[in-house]
There are 2 protein chains.
Amino acid sequence: MVETLARQRCCMSAQEICDASAKRGGRVGIASVYRALELLEGEGLVQRVEVGQGGARYEPVVPGGEHHHHAVCERCGRLTPFEDPALERAIHRLGSRLGHEIRAHDVLIKGECGRCMRARG
Amino acid sequence: MVETLARQRCCMSAQEICDASAKRGGRVGIASVYRALELLEGEGLVQRVEVGQGGARYEPVVPGGEHHHHAVCERCGRLTPFEDPALERAIHRLGSRLGHEIRAHDVLIKGECGRCMRARG
DNA sequence: GTACTTGCAAATACTTTGCAGGTAT
DNA sequence: ATACCTGCAAAGTATTTGCAAGTAC
């Protein structure tokens, strides 16, 4: 059941995970969702993403695989995932220069999304 | 007085700003701090930084000047600011590729800080 | 006085914890 | 029976809002 939670692709809030699980038959309390997320995050299977809209979101970590970041639209709130090798390279190069381990990193871009730009000016 | 808040250099929590202001004579309620931060953030004079430790932090934005990001130590919680031109370049290049405006961006590095690495293994 | 700002206290939102009941071993 | 997992409800923290009082014009 804990597995069910992490099966969603995109990042979701704890509440969304709870609701989504409920819809597919598995009734879960919000407390259990948080408890499961805490465990999964500890195992490195889920990562917490903060998009500055009150409330964290969580998304599964693909074990050895792709790695993306998020762009959040300041107008509609839509979250767009993206990946960029040059960005990753820049961050990993930082490791040697900085006297700080880079166990994980997160990049958040804020601005208007393409959809809103097209819809308005 | 609103100015007093943003005069601190590093990023602080709302509560820290409140306490710091109180110490230098200006008694401010936490509510006013949040109200001022909201305004200043709207004006682009202050930016909210989320380091995933429950509670946002805020720091003044140097108008045309330097721009840094943060590395947070997973062991001691210490926050280390850093800047990296290559990283900035990578992000700005992203702008053209991504169908998303880049009005602001944030990079957070998580890992053990130099001090902790030296103190332990 | 009218308009605006402020701090306090109450209200909210999100997350964590205590606990009693249920399941597995 | 023991150990573990669960949901509910209570407790906590962070942030926002309502409001009456204070200040500026």
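Rounding to whole angstrom units, CG of residue B:L37 and P of C:dT6 are separated by 12 Å. C:dT15 atom P lies 13 Å from atom CD of A:E38, rounded to whole Å. One atom, CZ of A:R27, and another, C1' of C:dG21, lie 13 Å apart when rounded to the nearest Å. Taking atom CZ on A:R35 and atom P on C:dT17, their separation rounds to 10 Å, with Å as the unit. Protein atom CD of A:E16 is 16 Å distant from nucleotide atom P of C:dA13, rounded to whole Å. Between A:Q53 atom CD and C:dT15 atom C1' the separation is 18 Å, expressed in whole Å. Remark: C1' of C:dT6 and OH of B:Y34 are 17 Å apart, rounded to the nearest angstrom. With rounding to whole Å, A:L39 atom CG is found 16 Å from C:dT15 atom P.
With respect to A:K110 and B:E101, no salt bridge is recorded, no charged nitrogen being found less than 4.0 Å from a carboxylate O.
Comparing B:I30 and A:S13, the nucleotide of DNA chain C nearest to each residue sits closer to the 5' end for B:I30.
Ring geometry, A:H105 versus A:H92: the interplanar angle exceeds 60°, so the pair is classed perpendicular (tilted spans 30 to 60°).
Heavy atoms only, all atoms of each residue included: B:V72 and B:V51 are closest at CG1-O, 4.5 Å.
In this structure, of D:dA9, D:dT15, C:dC8, it is D:dA9 that holds the atom nearest to the side chain of A:A31.
For the atom pair B:L87 CG and B:F82 CZ, the distance stands at 6.0 Å (nearest 0.5 Å).
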